[in-house]
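Read through the structure below, which is laid out as structure tokens, and then see the notes.
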Amino acid sequence: MSSTPDPGTWLMGERIPAARFPTPGTTVTGTICEPPRVEQQRDYSSGEPMYWRDGTPRMQLVVTLQTDERDPEYPDDDGRRRLYVRGRMKTAIRQAVKTSGATGLDVGGTLTITYTGDGTPTNPRFQPPKEYSAVYKPPTGGGETAQATAASPTTNPATNPATNPDIQALIAQLQQQQQL
């Protein structure tokens, strides 16, 4: 399933790095700033879509978080990080959502993922799977858009909804669509 990208994103490109979990104890926390989406996994080397042995597409949930992280190598880094949720991370997030009383991940909610250690490999030739814990705090009060705005303050005028007319127009458009 493909969708037409935003013209600005298509023209300028969009670099949202993946959240990284290099060592046990690494934690990533952020506010969900885009609606999560399900997409087919792709092979890291070839970019080809991945399938299970029975031919079923391998799926993953893509969650974009607004974090406090910044990579000094990228001056335009706005702190957004993507989580590619599958396997044991999916299990941890599912449990966190259940514990929170929510029914899913919502824009404006806060998600914290911690790489807690390595599990036991299913095959001696494989790397051990990463184990995760997660905490989810659903958004409180107001609508989905208002929560995302309130939960991700920033000092960058270009990405601050209070000072960017493009973001204000987008928020108004989203609010109008929610009323339909």
Side-chain angles (χ1 to χ4, degrees), residues 1-3 5-6 9 13-74 76-140 144 147-148 151-152 154 159:
M1 175 169 106
S2 70
S3 62
D6 165 74
T9 301
E14 180 179 50
R15 184 186 181 285
I16 300 179
R20 304 260 184 234
F21 298 91
T23 57
T26 302
T27 297
V28 174
T29 298
T31 302
I32 299 170
C33 59
E34 295 178 5
R37 68 180 191 275
V38 176
E39 66 180 32
Q40 189 169 1
Q41 293 180 38
R42 296 196 166 271
D43 180 87
Y44 186 75
S45 300
S46 69
E48 294 294 316
M50 295 174 66
Y51 297 89
W52 295 105
R53 286 185 187 166
D54 67 358
T56 306
R58 293 176 70 164
M59 306 304 284
Q60 64 187 352
L61 180 67
V62 180
V63 180
T64 305
L65 300 176
Q66 180 63 55
T67 72
D68 291 332
E69 295 182 27
R70 300 294 184 275
D71 186 337
E73 290 187 32
Y74 298 96
D76 295 337
D77 186 352
D78 62 4
R80 290 182 295 163
R81 297 292 183 267
R82 289 243 163 94
L83 290 172
Y84 296 91
V85 181
R86 58 188 180 266
R88 295 179 187 217
M89 184 184 289
K90 177 183 172 186
T91 303
I93 293 174
R94 179 187 299 136
Q95 185 58 49
V97 169
K98 286 181 181 178
T99 300
S100 77
T103 58
L105 298 173
D106 294 312
V107 172
T110 302
L111 184 60
T112 299
I113 305 290
T114 302
Y115 170 24
T116 58
D118 294 329
T120 305
T122 56
N123 182 321
R125 295 178 293 156
F126 295 164
Q127 293 289 326
K130 290 183 176 182
E131 300 280 353
Y132 297 93
S133 66
V135 176
Y136 177 63
K137 183 180 176 204
T140 56
E144 179 178 89
Q147 294 159 14
S152 56
T154 180
T159 59

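One is the number of the first residue; the rest follow in order along the sequence. Predicted model only: the values in this text are computed from it and were never measured.
- Residues satisfying the side-chain hydrogen bond (donor to acceptor under 3.5 Å, both in side chains) criterion with Arg86, sequence neighbours excluded, are Gln60.
- The two residues Thr67 and Val28 come nearest to each other via the heavy atoms CG2-CG1, 4.1 Å.
- For the salt bridge (Lys or Arg N to Asp or Glu O under 4.0 Å) test, no residue two or more places apart in sequence or in another chain qualifies with Asp118.
- Looking only at distances, a side-chain donor or acceptor of Gln66 sits under 3.5 Å from a matching main-chain atom of Asp78.
- Residue pairs meeting the salt bridge (charged side-chain N to carboxylate O under 4.0 Å, His left out) criterion with at least one member in residues 38-52, sequence neighbours excluded: Arg37-Glu39.
- By the side-chain contact (heavy atoms from CB on, under 4.5 Å) test, Asp54 is found to be paired with Trp52, Thr56, residues two or more places apart in sequence or in another chain being considered.
- Partners of Thr23 under the side-chain hydrogen bond (donor to acceptor under 3.5 Å, both in side chains) rule, at least two apart in sequence or in another chain, are Thr26.
- Every pair passing side-chain hydrogen bond (donor to acceptor under 3.5 Å, both in side chains) that includes a residue from residues 127-137 is listed here, sequence neighbours excluded: Arg88-Glu131.
- Here CG of Leu105 is found 6.5 Å from CG of Leu61. Values are rounded to the nearest 0.5 Å.
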Show me the donor-acceptor pairs within less than 3.5 Å that the side chains of residues 97-104 make with the rest of the protein, sequence neighbours left out.
unit_1	atom_1	unit_2	atom_2	d
Thr99	OG1	Gln95	O	2.9
Thr99	OG1	Gln95	NE2	3.2
Ser100	OG	Val97	O	2.7
Ser100	OG	Ala102	N	3.2

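- For Val135, the side-chain contact (heavy atoms from CB on, under 4.5 Å) partners at least two apart in sequence or on another chain are Thr112.
- Legend: residues meeting side-chain hydrogen bond (donor to acceptor under 3.5 Å, both in side chains) with Thr64, ordered by chain and number and at least two apart, are Glu34, Arg82.
- Residues meeting the side-chain contact (heavy atoms from CB on, under 4.5 Å) test with Asp68, sequence neighbours left out: none.
- When all heavy atoms of Cys33 and Leu65 are compared, the pair lying nearest together is SG-C, 3.9 Å.
- For Tyr44, there are no side-chain contact (heavy atoms from CB on, under 4.5 Å) partners, not counting sequence neighbours.
- Checked against side-chain hydrogen bond (donor to acceptor under 3.5 Å, both in side chains), Ser45 has no partners two or more places apart in sequence or in another chain.
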